Amino acid sequence: MNLIFLGPPGAGKGTIAKMVKERLGIAHISTGDLFRQQIKDQTPLGKQVESILASGGLVDDEITNEMVRARLKEPDVKNGFILDGYPRTIAQANKLDNFSRIDTVFNFIIDEEEVIRRVSGRRVCQSTGRIYHIEFNPPKVEGVDDETGERLVQREDDKEDTIRNRLEVYRQQTYPLIDYYEKRGILRNLEIETGSEKAADIIAGMFNRFEEA
Ligand code: ADP
């Protein structure tokens with residue numbers, strides 16, 4: 001099954017996608033993670049997008065579409081995928097229609113103050129991509145990754161000013177996608193206050209049922 005996770009930054013898309021990936025055996029494709037990897041490796045693409053990510057703005061549609069189109073050709077995608085953070089504009093959604101077929105779009109609903117609380121407390125391990133929260137999901141030992149012992153960092157774009165900018169970008173550019181997929185009849189709203197595990201159960205449960213039927 002081919003899924004899209006739609007929702008504002010900090011809604012928990014990445015955390016829940018990692019859980020659903022394990023349960024359904026499908027690929028998790030986060031465009032934010034792909035860009036961050038390019039930046040870490042200092043590739044030409046990485047150098048091109050570095051300042052855009054730091055500011056919280058969006059990378060050019062064509063660059064992003066091309067990166068996703070290539071990623072969807074990789075072998076781990078054969079059983080399906082979760083697109084996390086893509087599409088983020090109507091132009092990207094139109095393009096995606098040309099190279100893939102989407103079954104369900106999950107729209108993560110969360111209030112903005114909660115987003116700011118979550119994102120500003122978020123810490124990540126750069127090598128494993130594991131995500132923590134200083135208050136809601138702290139590592140066993142403060143400031144370091146549970147497995148690798150590496151020092152956790154705050155993403156540059158998780159600082160409060162940048163989060164506010166990302167929320168504004170979300171409202172203007174990404175929010176219209178709710179209507180776009182609603183009209184197609186493939187949108188499912190998901191209130192995620194229930195917690196990440198529960199949300200992952202709901203999503204994975206929907207598809208397990210389909211498979212049994
Ligand atoms: P978030 O926590 O906002 O979901 P992501 O990790 O998905 O953040 O993305 C981080 C940044 O990467 C975005 O602020 C943007 O600059 C860039 N980015 C990610 N996905 C896209 C996309 N589909 N189109 C354009 N830019 C993107």
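The model shown is predicted, which means the values in this text are computed figures rather than measured ones. In each ligand, atom 1 is the first atom listed, and ligand 1 is the first ligand listed. Along the sequence shown, residues are numbered consecutively beginning with 1.
Proximity to Q92 (heavy-atom distance under 4.0 Å) selects the following atoms of ligand 1: 22 (C), 23 (N), 24 (N), 25 (C). Interface atoms of ligand 1 facing T31, defined by a heavy-atom separation under 4.0 Å, are 19 (C), 20 (N), 21 (C), 23 (N). Under a 4.0 Å criterion applied to the non-hydrogen atoms of R36, ligand 1 contributes the atoms 6 (O), 10 (C). Of all atoms in ligand 1, listed by their number and element, those nearer than 4.0 Å to a heavy atom of R166 are 1 (P), 2 (O), 3 (O), 8 (O). Atom numbering of ligand 1 starts at 1 in the shown order; those under 4.0 Å from a heavy atom of T64 are 22 (C), 23 (N), 24 (N), 25 (C).
Counting protein heavy atoms only, atom 27 (C) of ligand 1 is closest to F35 CE1, 3.7 Å. Counting only heavy atoms of the protein, atom 26 (N) of ligand 1 lies nearest to V59 N, 3.0 Å.
At least one heavy atom of G57 sits closer than 4.0 Å to an atom of ligand 1. Residue contacts with ligand 1 include R122, since one of its heavy atoms falls under 4.0 Å from the ligand.
Here L58 has heavy atoms under 4.0 Å from ligand 1 in both its backbone and its side chain. Looking at R155 against ligand 1, only its side chain comes within 4.0 Å, counting heavy atoms.
Residues satisfying the ring pair (Phe, Tyr, Trp, His ring centres under 6.0 Å) criterion with Y132, sequence neighbours excluded, are absent altogether.
Between E50 and K47 there is no salt bridge, since no side-chain nitrogen of the basic residue lies less than 4.0 Å from a carboxylate oxygen of the acidic one. The pair D161-K159 fails the salt-bridge criterion, with no side-chain N (NZ, NE, NH1 or NH2) lying under 4.0 Å from an Asp/Glu carboxylate O.
Under the salt bridge (Lys or Arg N to Asp or Glu O under 4.0 Å) test applied with D158, the options R118, R166, R164, R123 reduce to a single match, R166.
A side-chain donor from one of N189 and N107 sits under 3.5 Å from a side-chain acceptor of the other. Side-chain contact annotation: T43 with Q38, donor-acceptor N/O pair under 3.5 Å present. Judged by distance alone, the side chains of E147 and T128 never bring a donor and an acceptor atom under 3.5 Å apart.
Closest to atom 7 (O) of ligand 1 by heavy atom, among R118, K13, R88, is R88.
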Sequence neighbours left out, cut at 3.5 Å: what donor-acceptor pairs do the side chains of residues 11-22 make with other protein atoms?
from	atom 1	to	atom 2	distance (Å)
K13	NZ	G7	O	3.0
K13	NZ	P8	O	3.0

